[in-house]
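Below: the structure, in C-alpha cells.
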Amino acid sequence: DAVNFIDSLLKPTSPLADQYEVANLLLVKRCLIMGTEKELHVPDNLTKNPTSKYIMKEFAGVNVSNDQMSASVLASSENLKRIFQSKVQHEEAGILNCLPEFASLDVSQQTTLFELLSFSNLRQWDFNIFDVTAIDEANPLLLVAWAVIGSPYSQFAMAKQLERKNVELSHFEGYNFADLDLEIEIGALFDYLRVIQRDYKRDNPYHNAIHAADVIQTLHSLIQMSDDRFEKEQIFLILVAAAVHDVKHPGMNNTFQVNTFSNLALSHNDASVLENEHSAHAFKLMVQGLPDKDDNLNFLCHVPAPKFAEMRKRIIEAVLHTDMSQHFSKVNDIKSRAGGKPWDKIDSKLRWDVLMYMLHLADISNPAKNSPMLELWTDRCLDEFFAQGDQERKLGLTISPNCDRNETKKPESQIGFINFVVKPSYVVLAEVIPAVGEHILPVIERNLLYWDGQKGREETA
C-alpha cells in the first residue's frame, strides 16, 4: 500500500514540483522494496494468518511464533512511520531552507561562499575568516555558524540555491545535529544566532561577531583534528557556547569592570564578570525571547526540563571556562588528567573538560594562526587594548598590561603572550590530540620567529 501511495504521488499529474521531494520519495520507495527486514515483503493476509508459520519460514525466511508475527508487522509499520515523520520534521523545522542572508547575495558571491563554507574547507587551520567578511561583513557569525552547526544541510541548501545538478544530501559531510534526540528547532536556532550576532558590539575592533565566527571555525578545526573522539551532543553544546561566548562584550576587560565598579561588576559580584554576562544574556534571549515580540528563539523548547537544565549548565560552564584569569589552572588540570592518556582511558566527563579547554584555546588562537590572520588579529586586539588604556588614563586608574599605547611594543607583547600562554597550552593539547602537534605547533614556532624578527627591526630602526 505504501509503495502504491508513493507511485500515486510520483505521477505526472502530481502537484509535487520540488526535485528534492521527488528524490526523497524515490529513496523511501527503494527502502520499501529493497529493505533488509524480511517481514517487510510478506503479504498482509499471510502475516495475519496464525497457521502460516511454515510458509513464512520456507518462502520468507522468517521464523517467528504466532505472537511475534503481529508484533513484527507492527514494528515494520512503525519504522516506515519514523521515516516519513523524520522527513516532515526536517521540512517543518526549516533545516532544508537556505538562509535569506545567503540567498540575497549575487551568484558570484554565493559561489565563493559555497566553496569557503564547505565542511572540509572549514576544518582547515589556515581558514581566513576575513574572506567571509569580504563578501558579507554584516553576517560572519550567522553564516559560519550555519555552515558548521547546520552541516550537512547548510551545504546542501547552498548547492540547491545555486541550482547545482545531480546533488544529493549524501554528497555532503557534516555533524548532522538534526539526528540528535533533542528535536532541535533548527529555524529557531538560526533566528537565535541572528539575534546573538546583532548583540555583538560592531564598534569593538576585536571582541565582535567576526571574532565569534572565527572561534566557531577554529574550534571546529580542533574538533576535526581529534578524529571523532567526542559525543555528538557535546560537540553541539560546545559550538553553541562558542557562538555566544563574547556576546555583548563592551570592549573593556574584567579588570576594567571591577576597577570602575561598573554595573556589570556589581551585578556579577566581580566574579568572571563578562563571562557571566555573556552566558546570562544568551539564556535570557533563548528562554524569554525579544521584548514585545512573539518570535520563538528557544531552539531547545522540546527538550524536557531536567535535560534542558543539564544542557544549560554545560553551556554556561563552557563560557565561564574562557575567563583568562583561570588559564594556568585549566592548563595544569588538563595536563594532569588527560595529557598523554589513550582515548579509551578518557571518560565522557573528561572529554567534555577537554572540549571546554579546546574552546578556550580557540578563543586565544590568533597568535597560532598563519599570516595574514596573525597580523590582522594582533592589530585589532591591540587597538581594543589601547582604547581601554586611554580610558584608564582618563579615569586616573592604573593602566592594564599591554593597554598603554605609549609603552607597549607590539613584537614584545606577542612574544611574551606566545611563550608564556599560547605555546604551553597548545603543547598540552597536542598531548591529547597529536594532530595539534603536527598542524599547529609548527605555526606557533614560525610566528615566534616572525615577531622576533620584527623586534630586531624595531630595535635597529
Side-chain angles (χ1 to χ4, degrees), residues 9-10 14-28 30 86-179 184-194 196-198 209-210 212-214 216-218 220-221 224 239 243 299:
L9 292 176
L10 295 173
S14 169
L16 289 177
D18 188 338
Q19 291 183 347
Y20 177 74
E21 292 179 352
V22 173
N24 264 321
L25 284 173
L26 287 171
L27 177 61
V28 174
R30 187 173 66 184
S86 176
K87 179 179 183 296
V88 170
Q89 287 170 357
H90 286 179
E91 289 177 344
E92 289 178 349
I95 196 168
L96 303 176
N97 295 338
C98 189
L99 282 185
E101 289 81 359
F102 180 87
S104 66
L105 299 172
D106 65 43
V107 174
S108 175
Q109 292 172 317
Q110 290 178 1
T111 302
T112 303
L113 271 182
F114 178 55
E115 295 169 357
L116 278 174
L117 300 181
S118 70
F119 195 78
S120 59
N121 194 55
L122 283 163
R123 70 161 59 98
Q124 302 304 314
W125 186 251
D126 61 356
F127 181 91
N128 188 346
I129 188 62
F130 295 103
D131 289 339
V132 177
T133 61
I135 296 171
D136 189 346
E137 187 178 8
N139 296 297
L141 170 55
L142 182 61
L143 288 168
V144 171
W146 178 53
V148 174
I149 301 176
S151 63
Y153 299 94
S154 47
Q155 285 76 20
F156 180 64
M158 284 186 266
K160 283 184 63 184
Q161 178 67 30
L162 287 166
E163 299 182 350
R164 298 293 173 94
K165 295 181 179 180
N166 302 319
V167 172
E168 296 182 10
L169 182 61
S170 60
H171 294 167
F172 300 96
E173 297 178 87
Y175 290 115
N176 199 9
F177 292 129
D179 278 359
I184 300 169
E185 287 279 353
I186 299 297
L189 170 60
F190 293 112
D191 286 342
Y192 172 78
L193 291 173
R194 189 175 284 110
I196 288 291
Q197 176 178 256
R198 182 205 67 185
I210 306 172
D214 185 61
I216 293 172
Q217 182 278 321
T218 302
H220 165 62
S221 181
Q224 292 300 300
L239 288 171
F299 53 92

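What's counted below: heavy atoms across the whole structure, side chains too, no hydrogens, waters or symmetry copies.
Under the rule for a side-chain contact (heavy atoms from CB on, under 4.5 Å), the partners of Thr111 that lie at least two apart in sequence or sit in another chain are Val107, Glu115, Leu162, Arg164. Evaluation of the side chain to side chain donor-acceptor pair (under 3.5 Å) rule for Asp136 yields Asn139 as partners, not counting sequence neighbours. Glu137 is linked by a side-chain contact (heavy atoms from CB on, under 4.5 Å) to Arg202, counting only residues two or more places apart in sequence or in another chain. Not a single side-chain contact (heavy atoms from CB on, under 4.5 Å) links Asn166 to another residue, sequence neighbours left out. Residues meeting the ring-ring contact (aromatic ring centres under 6.0 Å, His included) test with Phe114, sequence neighbours left out: none. Contacts of Ser221 classified as side chain to side chain donor-acceptor pair (under 3.5 Å), with partners at least two apart in sequence or in another chain: none. Residues meeting the salt bridge (Lys or Arg N to Asp or Glu O under 4.0 Å) test with Arg194, sequence neighbours left out: Glu101, Asp191. In this structure Glu173 satisfies the salt bridge (Lys or Arg N to Asp or Glu O under 4.0 Å) test together with Arg123, sequence neighbours excluded. Every residue meeting the side-chain contact (heavy atoms from CB on, under 4.5 Å) condition with Asn121, not counting sequence neighbours, appears here in chain and number order: Leu116, Ser118, Gln124, Phe127. The side chain to side chain donor-acceptor pair (under 3.5 Å) test applied to Gln155 returns no partner, not counting sequence neighbours. With sequence neighbours left out, the ring-ring contact (aromatic ring centres under 6.0 Å, His included) criterion links Tyr175 to Phe119, Phe177, His220.
Put simply, CG on Leu122 and OG1 on Thr218 are 10.5 Å apart, with the number rounded to the nearest 0.5 Å. Expressed to the nearest 0.5 Å, how far CD1 of Ile149 lies from CG of Leu239 amounts to 5.0 Å. For the atom pair CD of Gln161 and CG of Leu105, the computed distance is 9.5 Å after rounding to the nearest 0.5 Å. Separation of atoms OG1 (Thr112) and CD1 (Ile135) is listed at 5.0 Å; rounding is to 0.5 Å.
In this structure, Pro140 and Thr133 approach most closely via the heavy-atom pair CB-CG2, 3.8 Å. Residue Cys98 comes nearest to Ala103 through the heavy atom pair SG-N, 4.3 Å, listed as atom of the first residue, atom of the second, then distance. Taking each heavy atom of Ile196 and Ala243 in turn, the nearest pair found is CG2-O, 3.7 Å. Contact record, Val167 with Ala159: CG1-CB, 3.9 Å, taken as the closest heavy-atom pair.
Tyr153 and Asn176 share a donor-acceptor pair across their side chains, judged by distance under 3.5 Å alone.
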Would you sort out whether Val132 and Leu117 count as a side chain to side chain contact (heavy atoms under 4.5 Å, CB included), showing the intermediate values?
-> CA-CA 9 Å; Val132 177; Leu117 300 181; 4.2 Å; yes
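Counting heavy atoms from C-beta on, the side chains of Leu193 and Trp146 never come closer than 4.5 Å.
A distance-only check finds no donor-acceptor pair linking the side chain of Gln217 to the backbone of Val148 [under 3.5 Å]. Formation of a donor-acceptor pair under 3.5 Å by the Gln110 side chain with backbone atoms of Phe102 is found in this model.
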